[in-house]
Protein chains: 2
Amino acid sequence: MGTAADLLRSAGVKVTPGRQRVLDALCSASQALSHADVEALLPDADRVTLYRVLDSLVACGLALKAVDARGVFRFSASAVQRQHEGHVHFRCTDCGGVFCLEAAPPSPPQLPHGFRLAEIALDVRGTCANCSRTG
Amino acid sequence: MGTAADLLRSAGVKVTPGRQRVLDALCSASQALSHADVEALLPDADRVTLYRVLDSLVACGLALKAVDARGVFRFSASAVQRQHEGHVHFRCTDCGGVFCLEAAPPSPPQLPHGFRLAEIALDVRGTCANCSRTG
DNA sequence: TTGCAAATGCAATATTGTTGCAAATAGCGG
DNA sequence: CCGCTATTTGCAACAATATTGCATTTGCAA
Ligand SMILES: [Mn+2]
Ligand SMILES: [Mn+2]
Ligand SMILES: [Zn+2]
Ligand SMILES: [Zn+2]
């Protein structure tokens, strides 16, 4: 993987400052970013342009779009997202931190007929070492 | 399972016409309903009251709330929350439906030192039989 | 029957995302 | 390098979904 500009070029889309900055933000983020998150990181960018930039990154395959538990779209760099496939995460309910665990991912359960599995995630929640000590 | 009124009483919430009608609608629906769906089924009900009724059913464990692929909340009748402890759910990313699986819940993985486990959830996502066919 | 906490109805507001359109510009052919 | 053109951007208006404030009504238990 090269610079944001390289990624954009090899994805076959125009290289614009906005796309470079947004893609950089997604690549260095430790979790999927909402539109509001990106806006906070790039305060000079236009709101609507950000929506369109994010969607263009999804359209060319450089980003993934998913809905979070609150119904808000979140965007992640495709490369980064792939790094976290197939392993288990611990979510601290105090600080919100997400930690990668060494445990193997669970095996997919038997599904009813016609159901299609897209993703399986073992979500372990509790308090991290830091928060357990101070809390 | 008894009438909607019985379910509401045993869930420890006030029995109101709105709650009875909404719970009936959720119980007889073949898939998770959005606020707009419920509004279409009960055209006389107030929009905001409908939002609050749906949330109250979730709060007392009679309904489950999930987000569909468009970021819209969808609600489905559930048996009492207790019934759903200790087994795995399948979440349809298209329609937002929540389905109970037969699989046993996974055993907790080894946590780093100092971490405290509160809850463990196996999140299985994909498309249900209905949405796989039509989608 | 009465009292009161809970629920409701309605208006206003918030949050998130989309559309229309004119101005700017990235990348291409020349 | 230069100009052309389709794409992208900026801004305003709009749309869809959800929440908040508050006065009124109601379930239900004493
Ligand atoms: Mn990870
Ligand atoms: Mn269940
Ligand atoms: Zn923590
Ligand atoms: Zn479905």
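So that the names make sense, note that chain A is the first sequence line, chain B the second, and so on, each numbered from 1.
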Roughly how many Å is it from [atom1] in [X] to [atom2] in [N], rounded to a whole number?
| X | N | atom1 | atom2 | value |
| --- | --- | --- | --- | --- |
| Asp55(B) | dT19(D) | CG | C1' | 10 Å |
| Lys14(A) | dT5(D) | NZ | P | 13 Å |
| Glu39(A) | dC11(D) | CD | C1' | 14 Å |

Legend entry - side chain to side chain donor-acceptor pair (under 3.5 Å) partners of residues 99-111 of chain B, not counting sequence neighbours, each pair once: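 Residue pairs with at least one partner in residues 99-111 of chain B: there are none.
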
Legend entry - Contact check, side chains of Val22(A) and Leu33(A), non-hydrogen atoms, under 4.5 Å: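 No, every pair of side-chain atoms sits at 4.5 Å or beyond.
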
Inset, instruction - Indicate yes or no: at least one non-hydrogen side-chain atom of Asn130(A) is less than 4.5 angstrom from one of Arg133(A). - result: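 Asn130(A) reaches Arg133(A) side chain to side chain.
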
Legend entry - From OG1 (Thr3(B)) to CG (Asp6(B)), nearest 0.5 Å: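 Answer for the OG1-CG pair, Thr3(B) versus Asp6(B), is 3.0 Å.
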
Legend entry - Joint hydrophobic cluster, Val48(A) plus Leu41(A), side-chain heavy atoms closer than 4.5 Å: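 No: no chain of side-chain contacts under 4.5 Å links Val48(A) to Leu41(A).
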
Inset, instruction - Using side chain to side chain donor-acceptor pair (under 3.5 Å) as the criterion, list what pairs up with Thr49(A), not counting sequence neighbours. - result: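 By the side chain to side chain donor-acceptor pair (under 3.5 Å) rule, Thr49(A) matches Asp46(A).
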
Legend entry - For Thr16(A), all residues meeting side chain to side chain donor-acceptor pair (under 3.5 Å), sequence neighbours excluded: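 Per chain and number, Thr16(A) pairs via side chain to side chain donor-acceptor pair (under 3.5 Å) with no residue.
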
Using the ring-ring contact (aromatic ring centres under 6.0 Å, His included) rule, collect all pairs that involve [range], keeping only residues at least two apart or in two chains.
| range | result |
| --- | --- |
| residues 59-78 of chain A | none |
| residues 107-131 of chain B | Phe90(A)-Phe115(B), Phe99(A)-Phe115(B) |
| residues 33-55 of chain A | His35(A)-Tyr51(A) |

Inset, instruction - Not counting sequence neighbours, which residues clear side-chain contact (heavy atoms from CB on, under 4.5 Å) with Pro109(A)? List them please. - result: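 Listed in chain order: Ile120(A), Leu101(B), Ala103(B), Val124(B).
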
Legend entry - Span of DNA chain C, from the first to the last nucleotide whose atoms fall under 4.0 Å of chain B heavy atoms: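 The contacted stretch runs from dA5(C) to dA11(C).
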
Identify every side-chain donor-acceptor pair in residues 55-69 of chain A under 3.5 Å, counting partners at least two apart or on other chains, and give the distances.
from: Asp55(A); atom 1: OD1; to: Lys65(A); atom 2: NZ; distance (Å): 3.1
from: Ser56(A); atom 1: OG; to: Arg19(A); atom 2: NE; distance (Å): 3.1
from: Ser56(A); atom 1: OG; to: Val53(A); atom 2: O; distance (Å): 2.8
from: Asp68(A); atom 1: OD1; to: Arg70(A); atom 2: N; distance (Å): 2.8
from: Asp68(A); atom 1: OD1; to: Gly71(A); atom 2: N; distance (Å): 3.0
from: Asp68(A); atom 1: OD1; to: Val72(A); atom 2: N; distance (Å): 2.9
from: Asp68(A); atom 1: OD2; to: Arg74(A); atom 2: NH1; distance (Å): 2.9

Inset, instruction - Please check if the side chain of Asp24(B) supplies one atom and the backbone of Arg21(B) the other of a donor-acceptor pair under 3.5 Å. - result: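 Not at all, since once roles are kept as given, no pair shorter than 3.5 Å links the two residues.
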
Inset, instruction - Give me the bend of the helix from dT1(C)-dA30(D) to dG30(C)-dC1(D), using the axes of the five pairs at each end, rounded to 10°. - result: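 If I round to tens, the end axes sit 40° apart.
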
Inset, instruction - Mind running a 4.0 Å heavy-atom check of residues 44-52 of chain A against DNA chain C and sending the residues that fall below it, in number order? - result: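 Nucleic-acid contacts, sorted: Arg47(A), Val48(A), Tyr51(A), Arg52(A).
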
Inset, instruction - Give, ordered by number, those residues of residues 61-77 of chain A having at least one heavy-atom distance below 4.0 Å to an atom of DNA chain C; if nothing qualifies, reply none. - result: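 Close to the strand are Arg70(A), Val72(A), Phe73(A).
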
